[in-house]
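Every chain is numbered from 1 and lettered A, B, ... according to where its sequence line falls, protein lines coming before strand lines. Heavy atoms only: backbone and side chains are in, while hydrogens, waters and symmetry mates are out.
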Amino acid sequence: MAVCVAVIAKENYPLYIRSVPMENELKFHYMVHTSLDVVDEKVSAMGKALVDQRELYLGLLYPTEDYKVYGYVTNSKVKFVMVVDSSNTALRDNEIRSMFRKLHNSYTDVMCNPFYNPGDRIQSRAFDSMVTSMMIQVC
Amino acid sequence: MEAAAGGGCGSGPPLLLSEGEQQCYSEIFARCIGAAGGGAGSGPPEAARVPPGTATAAAGPVADLFRASQLSAETLHQITELCGAKRIGYFGPTQFYVALKLIAAAQSGLPVRIESIKCELPLPRFTMSKTDGEIRFGNPAELHGTTVQIPYLISEKNTFKRMDDEDKQQETQSPTMSPLASPPSSPPHYQRVPLSHGYSKLRSSTEQMHPAPYEARQPLVQPEGPSLGGQGTKPPRHQASLIRSFSVEREPQDNSNYPDEPWRITEEQREYYVNQFRSLQPDPSSFISGSVAKNFFTKSKLSIPELSYIWELSDADCDGALTLPEFCAAFHLIVARKNGYPLPEGLPPTLQPEYLQAAFPKPKWECALFDSYSESMPANQQPPDLNRMEKLSIKDMADFPVPTQDVTGDDKQALKSTTDEALPKDMSEDPATPKDSSSLKARPRSRSYSSTSIEEAMKRGEDPPTPPPRPQKTHSRASSLDLNKVFQPSVPATKSGLLPLPPALPPRPCPSQSEQASEAELHPQLNRAPSQAAESSPTKKDVTHSQPPSKPIRRKLRPENQATENQEASTTVGGPASVGAVKPHPTVQKQSSKQKKAIQTAIRKNKEANAVLARLNSELQQQLKEVHQERIALENQLEQLRPVTVL
């Protein structure tokens, strides 16, 4: 399961970022931040002509020794970044995809709320609970 | 019991309890234990009914109970001393029973002595205030209470029988948990007896005396009638937790309906919500879009995060639109929140769209349905606050239309008239849709400037006063233009002349009639006749016609207005045109002159069009300025009102 989940807006500021409570959450924030470059790289690599066929799931962005970072970008250039524990080898690509799909669905539900202004931080409880269900229970 | 009482009571005499007293006291004692020992559980009373020697009631609940007996503190002190609890430091069963008996004695006016309890006494009376009773004692009983309330029991035979038995025994006892299960509890009694609070208290008392049957009843729960659907068996715990939180907030009320079910919508509220829905969306089976709903709910002056959360709760299918049941649920949540209730963690079962739809089918205006519902629904659970607020609000609604109308009516009308004029410009000849959309736009706009008290927030949905009489269809755009008045008399004429009479080709104009023909040419050329060539052919008849000349260029504008304007323009231009037309030699250059005239008239036509458009532009600019000024005025009003508002 994920150790950290982040939703980044089109302008590359976080709409929602949540990590498993550990000592150095800041580390996850940095990882997400650096992964944005990789996301942009992948997105631009596909080229404008392939925008229609561009897949939303970006796959493994980059691995570190402890963690792996996966990315997903929506058609409105909102990025989902997920950090998972490397030791969790049981996690397969399909599972990651399904997790991103759930994230995307919850995100669209948040968007459907007329009281949500795009660009605000996401404070939806339903979204929170969904993310919690995806995150590792450390303690 | 007596032996134990005798043994444990120490210096007191042996305690003789009658059958009824014994039952009653043991119940109360059990509840004290239960409340003390982790009241959130649903410990069956049998389990809590531990053998007398081993249980102790915590001081807290007991103190509350004693306070509820409404005896003076001194008396209570005496009682506690006498019963031996102070000595031994806790309320054992014997002490508890002695204390209860002493309370009964004190309430009957006997002195607080040990000797008093030797005789037969009525049962002690406890009138709990809601908060105390519910918090301490309510926990197990609430559960039971709620299990009874929410599902309208049909299998009341057991309960009824039991109640009969208990009635005789405990008729005089005010229930400790009365607040909780008071009104809504037993549907059979609804159907038989009009729900009076006293009776319901009695009923609830008897019910609470035997919470055990509730649990037996729980599996037997059947929703009353089809309307209550499958929600009957929803976890009562959830309700209990909700209600506990609500009850804590509510002020103690002695003889009032308790809010055991604040999330239930009464008929009255339902009607109100539906009317509001209708005001936003005429078709009850359709839905309200997110932005419309947002504007509407924003008027409730709740914070955006709260509104966002309410939306999350109520929009079950997350489609960004609210159907009627979703809207009712959202509205109800807003109303509840305004009344101070905390928002629930999840959508209460009584607010689920399926439940609401089943409970209040769309064509709910049948009386038959109403009768069956009115018996069961309205009498229940509505928290009196909520009810009163709603009634207040609905009454205020009636009152408020006048003042708000004064305040906002003018603005609204002004806005509406301007929007009326603004809108049809964009649309072709369809005044119906501008009417709806403009009224919709105007209404929220005007309402947003209304004051912000709760009542007004409640009645914010009231329909605005009927809009000013719509300007005539034909002149809706130009109602502010002078042309309207100028050409009013020509309206019938224009209307009649709307049908583009294909001008019958007149005989070729002879030279003597050139002047007349030239004028006639102008008119037909300004006609709506399709082709320029056809138009150019002079139609003397058209001169006599007051036919509305219209130009293909001006298709966007109202044809009648065009016609009138053109007519006006053409009349002014007709003079010089005719003069100019006379010049070319008629006989020799008839055709070329015709062509020239055609060109010239075309030029003139364009000039006229320009003139008219310029005039329109200036008029619109004027209107825009007026609207701006109104807006500034309204903003000033809002600023002035702002420090006055409470919320």
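Taking each heavy atom of B:Glu312 and A:Asn113 in turn, the nearest pair found is N-ND2, 4.0 Å. The two residues A:Pro114 and B:Ser291 make their nearest non-hydrogen contact at CB-N, 4.4 Å.
The number of heavy atoms from other shown groups lying within 6.0 Å of NE2 (A:His104) is above 12. Applying the 6.0 Å contact sphere to OH of A:Tyr30 captures no more than 12 heavy atoms from other residues, nucleotides or ligands.
Atoms CG and CG, on A:Asp109 and B:Asp315 in that order, are 8.5 Å from each other to the nearest 0.5 Å.
When each of B:Ala321, B:Gly290, B:Pro305 is checked for heavy-atom pairs under 4.5 Å with chain A, B:Gly290 comes out on top.
Using a 4.5 Å cut-off on side-chain heavy atoms (C-beta onward), B:Tyr309 and A:Phe115 make no contact.
Neither the backbone nor the side chain of A:Asp120 comes within less than 4.5 Å of any heavy atom in chain B.
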